[in-house]
Q: 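Have a look at the structure that comes next, please.
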Amino acid sequence: MNTKFHARRLVWPTAFSILCAGLILFSSHIAVLVGTDDTLSTSITALAYFAFAWLASRVVSAALDAASPRNRPYPRLLRDLIAALLFLVAFGAAISLFLGQGAIGALAGSGLVLAMLGFAIRNVVADTLSGIALGVEGPFRIGDWIDIDSLARGKVIEIGWRTTRILTRDSTYTIIPNSQIARQRITNYSAPRPQYRAQIAITLDHTMPVGRAREVMLNALKDAKLIQQDPAPDVRVLAYEEGGITYALRFWLSRFDLDPDCRDEVYSLVDDALRDKGYLAPHRRIELVRAKPSSF
């Protein structure tokens with residue numbers, strides 16, 4: 001969001017706050033002219049609390065946008081939480097103006113009702129508190145590609161109070177309660193940077209030397225268009241077993257949504273190179289041994 005957008009959003013809260021401040025300064029003169037008691041002054045002060053809370057919430061929102069990295073805005077949930085806290089403080093201050101010390105007793109008496117209501121909506125409360133935790137801790141942000149174990153994999157579209165919306169690679173929405181996300185392991189493919197390294201496992205026959213296999217596969221990837229050539233791909237031996245030699249072919253991707261296409265390209269190029277050199281994948285061998293004639 002640009003500076004002009006935030007400037008427009010600050011116009012009305014600023015004007016309202018200045019108006020309330022002016023009314024507070026001249027409240028005594030207004031009371032004399034109108035002929036009312038202290039109720040007018042109290043009402044103006046309470047109104048000023050909400051005006052200042054409105055202005056403060058807009059200023060905090062602009063500050064968060066200015067501090068956030070490019071293309072990774074802070075979740076809307078965090079902005080809503082800050083605004084809610086500011087207005088809650090303004091509401092409490094306004095109530096105390098009208099009720100005085102009696103407001104404390106009224107709030108204490110409503111504690112039992114709030115406890116019963118909390119038990120009735122405990123699932124909603126759990127989702128909301130988990131959403132607040134996700135917004136504050138920031139394991140992922142809007143626009144990140146994430147993998148939530150056993151739940152979903154895709155791009156974060158929105159982080160709400162109760163749920164998080166994820167757009168999968170099949171262009172479908174997955175809406176997950178925040179309390180379920182908080183209990184799962186989260187893999188963020190967009191942090192700390194969009195680039196990340198992937199790998200595929202390829203098993204080849206023992207007849208192909210390790211050095212030759214590494215050379216053939218790396219030469220094949222020089223023609224790849226989707227993966228990054230800097231850092232360059234590399235090959236590591238994972239296992240040396242009876243069924244063949246397993247290699248880990250590692251390469252870097254610019255972003256997570258290219259992963260399926262990159263893997264398809266890598267497999268295709270390596271397959272063409274191996275077939276061109278006459279090397280085949282390992283296959284089951286059955287060796288027949290002629291039994292020795294019996295001496296009996």
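Just so it is clear, the model here is predicted, and its values are computed rather than measured. Numbering of residues begins at 1 and proceeds along the displayed sequence.
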Q: Applying salt bridge (charged side-chain N to carboxylate O under 4.0 Å, His left out), which residue pairs with at least one partner in residues 186-204 are found, sequence neighbours left out?
A: none
Q: Side-chain atoms of residues 224-240: list all donor-acceptor pairs with protein atoms under 3.5 Å, sequence neighbours left out, distances to 0.1 Å.
A:
| unit_1 | atom_1 | unit_2 | atom_2 | d |
| --- | --- | --- | --- | --- |
| Gln229 | NE2 | Leu221 | O | 3.0 |
| Asp234 | OD1 | Arg250 | NE | 2.9 |
| Asp234 | OD2 | Arg250 | NH2 | 2.8 |

Q: Within the distance-only criterion (no hydrogens, no angle test), does the side chain of Asp127 pair as donor or acceptor with the backbone N or O of Trp161 below 3.5 angstrom?
A: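 No, the answer is negative, given that no donor and acceptor are paired below the 3.5 Å cut-off.
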Q: Going by salt bridge (Lys or Arg N to Asp or Glu O under 4.0 Å), name the residues that satisfy it together with Asp272, two or more places apart in sequence or in a different chain.
A: none
Q: Sequence neighbours left out, what passes ring pair (Phe, Tyr, Trp, His ring centres under 6.0 Å) with Tyr49? Give chain and number order.
A: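 Ring pair (Phe, Tyr, Trp, His ring centres under 6.0 Å) check on Tyr49 returns nothing, list empty.
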Q: Quick check: is Ile200 connected to Leu258 through a chain of hydrophobic side chains (ILVMFWY, heavy atoms under 4.5 Å apart)?
A: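 No.
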Q: Is a side-chain donor or acceptor of Ser130 paired with a backbone partner of Ala126 at a separation under 3.5 angstrom?
A: yes
Q: Kindly indicate, with the supporting measurements, whether the criterion side chain to side chain contact (heavy atoms under 4.5 Å, CB included) is fulfilled by Met217 and Ile202.
A: CA-CA 10 Å; Met217 288 188 284; Ile202 296 179; 4.1 Å; yes
Q: Transitively linked via ILVMFWY side-chain contacts under 4.5 Å: Trp12 with Phe52?
A: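 Looking at the clustering, Phe52 is in a separate group from Trp12.
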Q: Holding to salt bridge (Lys or Arg N to Asp or Glu O under 4.0 Å), I want the full list of residues that pass it with Glu241, two or more places apart in sequence or in another chain.
A: none
Q: Mind checking who shares a hydrophobic cluster with Tyr173, ILVMFWY linked at side-chain heavy-atom distances under 4.5 Å?
A: Ile157, Leu167
Q: Pairs in or reaching into residues 176-185: which pass salt bridge (charged side-chain N to carboxylate O under 4.0 Å, His left out), with residues at least two apart or in two chains?
A: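 Qualifying pairs, neighbours excluded: Asp149-Arg185.
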Q: How would you list, by chain and number, every residue that makes a side-chain contact (heavy atoms from CB on, under 4.5 Å) with Ala198, sequence neighbours excluded?
A: Tyr196, Phe251, Leu253, Asp259, Arg263
Q: When rounded to the nearest 0.5 angstrom, what is the spacing between OG1 in Thr164 and CG in Leu151?
A: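 These two atoms lie 11.0 Å from each other.
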Q: What residues form a side-chain contact (heavy atoms from CB on, under 4.5 Å) with Ile175, not counting sequence neighbours?
A: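 Ile175: side-chain contact (heavy atoms from CB on, under 4.5 Å) contacts with Thr163, Arg165.
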Q: Which residues pass the side-chain hydrogen bond (donor to acceptor under 3.5 Å, both in side chains) test with Thr168, not counting sequence neighbours?
A: Thr172
Q: If you link ILVMFWY side chains whenever their heavy atoms are less than 4.5 Å apart, which other residues fall into the same cluster as Val59? By chain and number, please.
A: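 Leu10, Leu55, listed by chain and number.
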Q: Could you check if a side-chain atom of Lys155 sits within less than 4.5 angstrom of a side-chain atom of Ser190, using non-hydrogen atoms only?
A: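 No - every pair of side-chain heavy atoms lies 4.5 Å or more apart.
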Q: Any idea which heavy atoms bring Ala94 and Phe50 closest together, and the distance?
A: CB-CE1, 4.0 Å
Q: Is Ile146 close to Phe256 at the side-chain level, that is, under 4.5 Å between some pair of heavy atoms?
A: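 No. Closest side-chain heavy atoms not under 4.5 Å.
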Q: I'd like to check the salt bridge (Lys or Arg N to Asp or Glu O under 4.0 Å) partners of Arg58; sequence neighbours left out, ordered by chain and number.
A: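 Testing Arg58 for salt bridge (Lys or Arg N to Asp or Glu O under 4.0 Å), a comparison that skips the adjacent residues, returns none.
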Q: With the side chain counted from C-beta on, respond yes when Ile148 and Arg153 share a heavy-atom pair under 4.5 Å apart, and no when they do not.
A: no
Q: Establish whether Leu218 and Val216 are linked, either directly or via other cluster members, by ILVMFWY side-chain heavy-atom contacts under 4.5 Å.
A: yes
Q: Before you tell me yes or no, could you show the steps for Trp145 and Tyr189 under ring pair (Phe, Tyr, Trp, His ring centres under 6.0 Å), namely the whole-Å CA-CA distance, both residues' side-chain angles and the distance that decides it to 0.1 Å?
A: CA-CA 5 Å; Trp145 286 88; Tyr189 292 98; 9.0 Å; no
Q: Is any side-chain heavy atom of Ile181 less than 4.5 Å from a side-chain heavy atom of Phe140?
A: yes
Q: Mind running side chain to side chain contact (heavy atoms under 4.5 Å, CB included) on Asp261 and Glu265 for me, showing each step along the way?
A: CA-CA 6 Å; Asp261 295 331; Glu265 181 184 44; over 6 Å; no
Q: Looking at Asn178 and Arg162, would you say the former's side chain and the latter's main chain have a donor-acceptor pair under 3.5 Å?
A: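 Yes: the side chain of Asn178 pairs with the backbone of Arg162.
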